[in-house]
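Written below as structure tokens is the structure these notes are about.
Here is how names work: the chains are called A, B, and so on, in the same order as the sequence lines, proteins then strands, and each is numbered from 1.
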Number of protein chains: 2
Amino acid sequence: MTRRVAVTLEDVARRAGVSLSTASRVINGSTRSVTPEFRERVLGAASELGYLPNRHAQAVARGRSSLIGVLVHDIADPYFSSIAAGAMREAEPHGMVVLGNSLRRPEYEPEFVATMRAQRTRALVLVGSRVRDAGRTRALRAEVAAFLAEGGQVCAVGQPGLGAHTVQPANRAGARALAHALADRGYRDFAVLRGPDALLTATERLAGFCEGLAARGLSVPDAAVIPGPFTREGGHAAALALLEAGPLPDCVFAVNDVMALGALAAFREQGIAVPDDVALAGFDDIPTLRDVAPALTTVRLPLTAMGQRAAALALEASAGPPRLVRVDAEVVLRESTRRPVAMAAATPAAHPTGSRRT
Amino acid sequence: MTRRVAVTLEDVARRAGVSLSTASRVINGSTRSVTPEFRERVLGAASELGYLPNRHAQAVARGRSSLIGVLVHDIADPYFSSIAAGAMREAEPHGMVVLGNSLRRPEYEPEFVATMRAQRTRALVLVGSRVRDAGRTRALRAEVAAFLAEGGQVCAVGQPGLGAHTVQPANRAGARALAHALADRGYRDFAVLRGPDALLTATERLAGFCEGLAARGLSVPDAAVIPGPFTREGGHAAALALLEAGPLPDCVFAVNDVMALGALAAFREQGIAVPDDVALAGFDDIPTLRDVAPALTTVRLPLTAMGQRAAALALEASAGPPRLVRVDAEVVLRESTRRPVAMAAATPAAHPTGSRRT
DNA sequence: TTGTACGCGTTATCAT
DNA sequence: ATGATAACGCGTACAA
């Protein structure tokens, strides 16, 4: 009747002349208690028939599958693809990786976790940023809790407070160190392309940057803090908005690299030279940066390693409470914040800080 | 005994006071033949209990899962992540997407297809390049055939001859057109960073480029055709090798953009200016190109659209033979092949073509 | 050690 | 329209 299309374990058992259970034992290797001779026969039959275990049937019988979920916001964004690559490299030997792409829609995240629950996935890596929207956060947290309750394991990257293991980059400290470094290079008049204020990551970087400046007796005028999407287009638009808002600052900090690249493009289009007319810095050190000119100052995060670490945490047989793994960020000064000759000639003290923007 | 951890359809049926079959009918909506009242009751019970259908059980019962596989060589490479993003966008509404990362190991490809067979995946998108190794190709083709025989659907991108639908970019014609354009800009003395000679894609582009030059009475000296990996590092190394081999040509063609970026970096490190000392062109038009300076001449492929098209082909209920969808490539001339002033001043005829490299 | 039989959560066939 | 009941392919107590 039904067109039997794939070889089943029963076929293998029949051909090997053994029972289904014996065949099962040698194939999945649960217990070693099988005679070498039978073992041979089963293995032979399996390979002759081209047998492939039905993973779904296994998952149903075992009550758990070997799928591993990885969720990112945008797989075409180098930040996410780098982390995803690291996570996949680590996870691949342990099971099949399912990669989800939220397209930056927060409502998709709980949905994805639900899907993974339905798949009885054993481990989950959630890469993203916590968002200020309490409803969304609650929905996501609820799904994660349900997933955990069902015996799954979860590790988040960059979004603490989910009740799961977390790999957390030093957004605040990194931005603070960057501010120090820029102030020490003599920059005095700053602007920040701050990203969406709903994104915790963006907000932390802004806060850290301001703290760092404050430690040097500097600050960013409110009018020079430009919000916008966390993307290249967002950076582009924010840079244009900055130009509209008033005279150019010494130095612009975009809270991530893709935004910085957008800003760089906007400046180029407007005939504004970086770093001669304005300095520019980003955050993340995405691989793409190796090929842009001028070389972009940034705060390096070990993206691939973060993904690997997260996958390892999600995969390890963990007893005990959720762990928080902090990841250091390192300031990398490059061409885009080389002080222009005119400024470098003067002593920093010669530059009164007075806020140009009121 | 067993810790019942997830809500099952039976729980829902019991709570709704209906039979398992009825509950199944309203949940999966197979037949509409359910009284509105019962329907309400089941839906209510399901949502109260937080019921999630076990996809594995469904897959076992139905004999086919709703998984969709996408295989790429390197998810961190913009070429692949762009195509993958397109494929995922198209596929996501139809099922869960499983993304595989071969890390450019050809032996992983048949393995991935086998895994997808084991998962009873319904559709498969294979992104990559056909490799000259007959053994590998045969292994892959065999797995694809088995997958097809089991009722699955497949679409390949850039690797024809797999017995599946194929989305095939115009590698040859694109490279030919590029050669024409460069010759028309006055370049006479060329080198090609040709990639691995085992990769069909690389070979086709090289061949097309040579054809295009030949049509203008030009050619590339053998010594100026440098092989190497299809990656940024490969391009970097190949550019250095080119420098070692002899004097600089007018113009270098790297058979893909990431190689061109590697070459660009190598030139920059060596103090060689592009395009003033040497012109440079790539192939693909990856998104990254928007941020490199000088802007890189390339041959544009609609990467995202190709991914979408491939997923659509793999998903569509196709009767009939495998289809071959050709995708046009478009030459995009940018700054990196602006003719230097000195050359532009002279007439092309003033530049004897004589091969500098013997 | 091996085989029998039952269970996993669904779908689908068949009477009712 | 609804409800038993038999698959689906596999894992695994339990008995032999």
Side-chain angles (χ1 to χ4, degrees), chain A residues 1-42 45-46 49-66 117-121 150-151, chain B residues 1-42 45-46 49-67 117-122 150-151:
Chain A
M1 289 297 121
T2 302
R3 191 168 60 114
R4 177 65 133 299
V5 80
V7 179
T8 76
L9 190 56
E10 194 182 338
D11 300 331
V12 174
R14 191 180 359 254
R15 182 181 243 267
V18 302
S19 78
L20 218 183
S21 21
T22 300
S24 171
R25 284 191 260 265
V26 5
I27 295 295
N28 69 27
S30 63
T31 48
R32 291 294 166 97
S33 46
V34 175
T35 305
E37 186 201 331
F38 277 25
R39 180 174 216 78
E40 293 290 311
R41 292 232 301 266
V42 172
L49 262 36
Y51 170 73
L52 244 38
N54 183 325
R55 301 300 174 190
H56 295 293
Q58 291 185 321
V60 172
R62 293 185 182 146
R64 188 139 292 281
S65 81
S66 67
R117 283 216 287 146
Q119 302 274 2
R120 302 307 184 260
T121 302
E150 289 168 10
Chain B
M1 285 304 119
T2 302
R3 192 167 60 112
R4 178 64 134 299
V5 81
V7 179
T8 75
L9 189 57
E10 194 181 340
D11 300 331
V12 174
R14 195 186 348 261
R15 183 181 240 267
V18 302
S19 78
L20 218 185
S21 333
T22 302
S24 173
R25 283 191 260 264
V26 5
I27 294 296
N28 70 26
S30 63
T31 47
R32 289 295 163 96
S33 47
V34 175
T35 306
E37 186 200 330
F38 277 25
R39 180 173 215 79
E40 294 289 311
R41 291 230 302 264
V42 172
L49 262 36
Y51 169 73
L52 245 38
N54 183 324
R55 301 299 174 191
H56 296 293
Q58 290 185 322
V60 172
R62 294 205 250 247
R64 188 138 293 279
S65 79
S66 67
L67 256 33
R117 282 215 288 145
Q119 301 275 0
R120 303 307 186 259
T121 302
R122 45 183 288 232
E150 289 167 8

Exercise for the section: Could you check which of D:dA4, D:dC8, D:dC10 has an atom nearest any side-chain atom of B:Ser19? Expected result: D:dA4
Handout entry: Approximate separation, where rounding is to 0.5 Å, of B:Gln58 CD and B:Arg55 CZ
Key = 5.0 Å
Fill in the blank from the handout: Picking from D:dG9, C:dG3, C:dT10, the nucleotide nearest the side-chain atoms of B:Asn54 would be C:dT10
Handout entry: Distance, rounded to the nearest Å, where B:Leu52 contributes CG and C:dT10 contributes C1'
Key = 14 Å
Practice task
Give a yes or no on whether a donor-acceptor pair under 3.5 Å exists between the nucleobase atoms of D:dG3, that is its base, and the side chain of B:Arg25.
Solution key: yes
Practice task
Tell me what A:Ser21 touches on the nucleic acid: a base, only sugar-phosphate, or nothing, going by heavy atoms under 4.0 Å.
Solution key: base
Fill in the blank from the handout: Whole-Å distance, A:Glu10 CD to C:dG3 P, equals 14 Å
Fill in the blank from the handout: Quick note, A:Ala57 side chain, CB onward, closest among D:dT2, D:dG9, C:dT11 is D:dG9
Handout entry: Nearest to side-chain heavy atoms of A:Val18, which nucleotide of C:dT10, C:dG3, C:dT2
Key = C:dG3
Practice task
State the CZ-OG1 distance between B:Arg64 and B:Thr121, to the nearest 0.5 angstrom.
Solution key: 7.5 Å
Problem - Side chain of B:Phe38 (C-beta onward), nearest among D:dT2, C:dT2, D:dC10 - result: D:dT2
Problem - Pair of N/O donor and acceptor under 3.5 Å linking C:dG7 base with A:Arg62 side chain - result: no
Handout entry: Euclidean distance, B:Ser66 OG relative to B:Gln119 CD, rounded to 0.5 Å
Key = 11.0 Å
